[in-house]
Each structure stands twice: as C-alpha cells, then as structure tokens.
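Heads up: the structure comes next, in structure tokens.
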Amino acid sequence: MQLDKRKFGVRTDMEFMEVKENKKQFLPLLLLADEQENMIDRYIDRGTMYVVNDNGIKCECVVTDEGKGILEIKNIATDPEYHGKGYGRALIDFVAAKYKGKYSILQVGTGDSPSTISFYEKCGFTRSHSIKNFFIDNYDHEIYECGVQLTDMIYLQKKL
C-alpha cells in the first residue's frame, strides 16, 4: 500500500510493506524498541511485521493477535535519524486503518516514560492497565529511558 502524504511540509511517498520472511534482518530497529533479543523472539514469529519504506526503511512494527478482539503492537521503532518526522504515527495510523473492523482494540505496552506515553496519547491511545515489575521480572538488566528506570509495563489502548 502506498500513500502520498505531506508531513511537515515535505512530500513523501511512504510505502507500507508487510515483511513475511527474514524478519530478523530488521533486528537493529527492533532492538531500539525492545533491547533484549530473547524478548523479541517471543513474538516475532507469531506477529505480523510492517515497515515504512520512504527512500529506505524508516520505521517498523510487529503486531500480534491477543484474542478477544485485541491487536497488540509488540514493537514499533523509527530509525533515530528520522524521529519526529511522522513515520511512527503514520505506521500506527496504517495499522489502525488496516485492522479496523477485524479487531475492536489496538493496544500497546510500554515502559512508564513520559515521552513514550505522550507519543501514544497523541496517537489516540489512553491508559488501560499495567503489569507491576514487568521490566524487572523479564529483562536481564535494568532498562532506562529518558533517565527513568522502567519497572512496570503500562498498557494503552485505542478503539478501532
């Protein structure tokens, strides 16, 4: 699927592509959003991966069917060189549009980092629930984002 959009006054021809094979070729991007490879291994094969190609891959995400009408974004990352250019939001909008009518909820789990939570809220998500000590119990090292140690997994949801 290709969209012709204007983002921040710059014309782009973003192409949203599903990746069906060799998903680990995007490991450097995947690790930006989930920095422990064995955690990525838990969902990469059962998930559907999409990338944004705009004269090169700018962003990726992996979504999974969590049952009961819930589609979850397990991983979404934008090449740091392209942060703030609208690629992450465009990919979320693409996923929401693609799965509207097939799922009732799009959800994402993330650490309690103000910048990350703010991004998802700007994309139309609202806080749903949390899993206490998720990052402490499931990762082999402490994880920090914007100087804050991540402990609980915060889930946000939006209706499709």
Side-chain angles (χ1 to χ4, degrees), residues 1-3 14-54 57-80 82-83 86-113 115-145 150-160:
M1 176 178 193
Q2 188 156 352
L3 298 179
M14 284 187 256
E15 184 179 7
F16 301 87
M17 304 178 337
E18 182 177 346
V19 178
K20 295 183 179 186
E21 298 176 350
N22 195 17
K23 295 176 186 176
K24 285 247 184 145
Q25 70 181 304
F26 299 102
L27 192 59
L29 265 179
L30 291 161
L31 287 167
L32 292 175
D34 194 344
E35 60 184 63
Q36 192 165 298
E37 188 173 351
N38 71 335
M39 294 297 284
I40 294 169
D41 290 340
R42 292 182 181 187
Y43 56 79
I44 193 167
D45 288 333
R46 72 180 181 96
T48 303
M49 177 183 272
Y50 297 99
V51 295
V52 177
N53 184 356
D54 185 19
I57 302 302
K58 304 296 193 268
C59 186
E60 66 73 30
C61 78
V62 177
V63 295
T64 59
D65 181 340
E66 296 300 308
K68 298 183 181 178
I70 298 173
L71 181 70
E72 184 169 335
I73 297 172
K74 289 289 193 182
N75 188 310
I76 183 167
T78 301
D79 183 322
Y82 301 99
H83 281 186
Y87 291 108
R89 173 125 193 194
L91 188 50
I92 288 172
D93 290 347
F94 166 79
V95 167
K98 181 169 183 64
Y99 290 97
K100 185 176 180 130
K102 297 175 187 153
Y103 292 86
S104 55
I105 299 286
L106 179 60
Q107 101 177 350
V108 62
T110 189
D112 198 4
S113 167
S115 63
T116 305
I117 298 290
S118 173
F119 167 75
Y120 288 118
E121 289 174 341
K122 287 176 186 169
C123 291
F125 290 84
T126 57
R127 286 181 185 244
S128 169
H129 61 284
S130 64
I131 298 177
K132 196 137 191 76
N133 295 322
F134 179 87
F135 291 96
I136 293 169
D137 295 342
N138 289 284
Y139 287 81
D140 63 12
H141 63 286
E142 294 176 348
I143 298 175
Y144 290 85
E145 190 170 315
L150 304 183
T151 54
D152 302 340
M153 174 77 80
I154 308 299
Y155 280 91
L156 298 100
Q157 297 183 336
K158 75 186 268 179
K159 293 187 190 235
L160 294 178

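Each residue takes its place number in the sequence, starting with 1.
Counting heavy atoms from C-beta on, the side chains of Tyr103 and Val95 never come closer than 4.5 Å. Taking 4.5 Å as the limit, some side-chain heavy atom of Phe119 sits within range of a side-chain heavy atom of Ile92. Residues Val19 and Val51 are in side-chain contact: their nearest non-hydrogen atoms beyond the backbone lie under 4.5 Å apart. Using a 4.5 Å heavy-atom cutoff, the side chains of Glu72 and Tyr43 are not in contact. Between Leu30 and Val62, some side-chain heavy-atom pair lies under the 4.5 Å cut-off. Side chains of Phe26 and Asn75 form no contact here, defined as non-hydrogen atoms less than 4.5 Å apart. No side-chain heavy atom of Leu71 sits less than 4.5 Å from a side-chain heavy atom of Glu66.
For Gln107 (side chain) and Tyr155 (main-chain N/O), no donor-acceptor pair under 3.5 Å exists by modelled atom type. Of the possible donor and acceptor atoms, one in the side chain of Arg89 sits under 3.5 Å from a partner among the backbone N and O of Lys122.
For Ser130 against Ile154, the heavy-atom pair with the smallest separation is CB-CD1, 3.9 Å. The two residues Leu91 and Cys59 make their nearest non-hydrogen contact at CD2-SG, 3.6 Å. Pairing each heavy atom of Ile76 with each of Gly88, the nearest pair is CD1-O, 3.9 Å. Nearest heavy-atom pair, Lys158 versus Gly124, reported as atom, atom and distance to 0.1 Å: CB-O, 3.4 Å. Nearest heavy atoms, Ser104 versus Lys68: OG-O, 4.4 Å.
Here the NE2 atom belonging to His83 is positioned 6.5 Å from the CG atom belonging to Leu32, to the nearest 0.5 angstrom. To the nearest 0.5 Å, atom CG of residue Leu106 and atom CG of residue Leu156 are 10.5 Å apart. Between atom NZ of residue Lys74 and atom CE of residue Met49 there is a gap of 14.0 Å, rounded to the nearest 0.5 Å. To the nearest 0.5 Å, atoms OH (Tyr87) and NZ (Lys58) are separated by 5.0 Å. In this structure, OG1 in Thr110 is found 6.0 Å from CZ in Phe135, a value given to the nearest 0.5 Å. For the atom pair CG of Leu29 and OG1 of Thr78, the computed distance is 8.0 Å after rounding to the nearest 0.5 Å.
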Could you please spell out the steps behind the side chain to side chain contact (heavy atoms under 4.5 Å, CB included) verdict for Tyr139 and Leu150? CA-CA 10 Å; Tyr139 287 81; Leu150 304 183; over 6 Å; no

Please test Leu31 against Ile40 for side chain to side chain contact (heavy atoms under 4.5 Å, CB included), starting from the C-alpha separation and ending with a verdict. CA-CA 8 Å; Leu31 287 167; Ile40 294 169; 3.7 Å; yes

Run the side chain to side chain contact (heavy atoms under 4.5 Å, CB included) check on Arg42 and Thr64 step by step: do they pass? CA-CA 11 Å; Arg42 292 182 181 187; Thr64 59; over 6 Å; no

Asp112 and Ile117: side chain to side chain contact (heavy atoms under 4.5 Å, CB included), yes or no, with the steps? CA-CA 7 Å; Asp112 198 4; Ile117 298 290; 4.0 Å; yes

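Between Asp65 and Lys102, none of the side-chain N atoms (NZ, or NE/NH1/NH2) sits under 4.0 Å from a carboxylate O, so this pair counts as no salt bridge.
Listed by first and then second residue, the salt bridge (Lys or Arg N to Asp or Glu O under 4.0 Å) pairs that reach into residues 22-36 are Lys24-Glu37, Lys24-Asp41, sequence neighbours excluded.
More than 12 heavy atoms of other shown residues, nucleotides or ligands fall within 6.0 angstrom of atom CD in Glu18.
Ring geometry for Phe16 versus Phe94: interplanar angle under 30°, hence parallel rather than tilted (30 to 60°).
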